[in-house]
Amino acid sequence: MKRLLSILLVAGILPACGGNDDKRVLTTKNEDGSTTKTEVDVKGMQTAVDDTEKKMEELKKLTPMTLEELKALLPEELNGIKQSNYNSSTMMGYAFASADYKKDEESSLRLAIYDCAGEAGAGWYGLAYWSKMSFQQESSTEYTKSVDLMGKKAVEHCNKENKRCELTFSANDRLLIVLTGENMTAEELREAAKKLNVKIS
């Protein structure tokens with residue numbers, strides 16, 4: 001994590017010591033001629049680096065859950081949609097379980113639960129959650145931003161063209177929950193998140 005902070009300093013995203021800027025906006029030009037604006041919360045990112053390092057050290061000390069324990073967290077029904085299938089694995093060194101909830105031929109919801117305990121799980125927590133938490137990004141076709149979810153922070157990403165949205169948040173002080181909706185709105189994902197039987201952290 002400290003290495004990532006160093007990279008951001010070199011890239012000019014974070015100010016040098018003594019800088020007063022709390023936010024930076026980076027504008028990049030895409031291949032199709034459109035532009036993407038990325039707003040970086042500098043002060044929040046610096047604080048998050050320290051908080052995340054502490055959190056990751058705590059996660060490394062925890063005993064990973066079994067696949068059966070993770071699968072038990074997948075509801076049989078979500079947003080009024082019955083579970084159609086599930087998958088679980090420890091292939092990447094951390095455990096995860098996912099399930100699909102097909103609303104109709106065009107719309108579906110996928111729930112993935114990652115256990116971030118242990119060395120590999122802690123690394124995934126930093127990569128999949130922290131790295132997206134302290135910035136906002138928007139173009140003509142998609143956006144990524146942090147949003148409020150029942151008083152806690154979550155990361156929301158939506159592609160406006162293919163109507164695909166993703167909501168990522170932390171739960172039970174160790175889990176990463178990722179809800180992905182195909183042809184579903186961000187609001188529908190937030191409603192689904194509120195119905196899960198997990199404590200958001």
Side-chain angles (χ1 to χ4, degrees), residues 23 25-28 30-32 34-41 44-45 48 52 70-71 73-89 92 94 96-116 121 124-172 174-201:
K23 292 183 178 180
V25 177
L26 307 175
T27 302
T28 56
N30 304 317
E31 291 181 2
D32 61 2
S34 63
T35 58
T36 298
K37 289 187 176 182
T38 304
E39 181 181 282
V40 181
D41 181 353
M45 184 175 286
T52 302
L70 273 181
K71 284 192 294 183
L73 296 175
L74 300 171
E76 290 297 320
E77 186 176 291
L78 185 58
N79 260 22
I81 311 169
K82 289 186 178 181
Q83 183 188 127
S84 56
N85 61 68
Y86 72 86
N87 179 43
S88 61
S89 174
M92 302 301 292
Y94 50 82
F96 86 91
S98 66
D100 293 328
Y101 302 83
K102 193 171 182 180
K103 185 177 181 180
D104 52 45
E105 289 301 318
E106 296 182 348
S107 305
S108 64
L109 181 65
R110 169 167 286 187
L111 166 64
I113 303 177
Y114 298 85
D115 181 18
C116 296
W124 178 246
Y125 172 87
L127 178 66
Y129 184 57
W130 177 86
S131 63
K132 301 176 183 178
M133 182 56 68
S134 299
F135 75 90
Q136 294 187 51
Q137 188 175 56
E138 184 171 5
S139 70
S140 59
T141 58
E142 61 185 331
Y143 71 83
T144 301
K145 65 181 180 180
S146 60
V147 296
D148 178 82
L149 183 64
M150 291 185 279
K152 302 294 182 179
K153 273 193 172 185
V155 177
E156 183 177 286
H157 173 80
C158 283
N159 186 301
K160 304 169 189 176
E161 289 187 330
N162 61 19
K163 298 181 180 178
R164 185 177 191 272
C165 286
E166 187 175 276
L167 184 68
T168 304
F169 58 95
S170 177
N172 293 17
R174 65 181 295 161
L175 302 176
L176 266 190
I177 312 293
V178 181
L179 280 164
T180 305
E182 299 288 350
N183 207 33
M184 298 182 78
T185 66
E187 288 74 19
E188 287 177 290
L189 294 188
R190 291 191 211 116
E191 285 304 310
K194 293 173 184 178
K195 294 172 183 176
L196 291 174
N197 188 26
V198 293
K199 178 185 176 183
I200 295 178
S201 57

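These numbers come from the heavy atoms of this one structure, side chains and all, not from hydrogens, waters or symmetry mates.
Counting heavy-atom neighbours within 6.0 Å of K195 NZ, excluding the residue itself, gives a total above 12. More than 12 heavy atoms of other residues, nucleotides or ligands shown are found within 6.0 angstrom of CE on M150. Heavy atoms of other residues, nucleotides or ligands lying less than 6.0 angstrom from CD of E187 number more than 12.
Looking at N159, its side chain does come within 3.5 Å of a backbone N or O of E161 through a donor-acceptor pair.
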Margin query: Is there a side chain to side chain donor-acceptor pair (under 3.5 Å) between Y143 and E156? Walk through the geometry before answering.
Written below: CA-CA 8 Å; Y143 71 83; E156 183 177 286; 2.6 Å; yes

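Scanning for side-chain hydrogen bond (donor to acceptor under 3.5 Å, both in side chains) contacts around E182 gives R164, with sequence neighbours left out. Applying the side chain to side chain contact (heavy atoms under 4.5 Å, CB included) rule to K71 yields the partners E68, Y86, S88, A97; only residues at least two apart in sequence or on another chain are considered. Partners of K152 by side-chain hydrogen bond (donor to acceptor under 3.5 Å, both in side chains), not counting sequence neighbours: none found. For T141, the side-chain hydrogen bond (donor to acceptor under 3.5 Å, both in side chains) partners are S139, not counting sequence neighbours. In terms of the salt bridge (charged side-chain N to carboxylate O under 4.0 Å, His left out) criterion, residue partners of K160 (sequence neighbours excluded) are, by chain and number, E138. With sequence neighbours excluded, no residue satisfies side-chain hydrogen bond (donor to acceptor under 3.5 Å, both in side chains) with E191.
The aromatic rings of W124 and Y94 lie parallel to each other, their planes meeting at an angle below 30°, with 60° marking the opposite boundary.
One finds a salt bridge joining K103 and E188 here, because a Lys/Arg side-chain nitrogen approaches an Asp/Glu carboxylate oxygen to under 4.0 Å.
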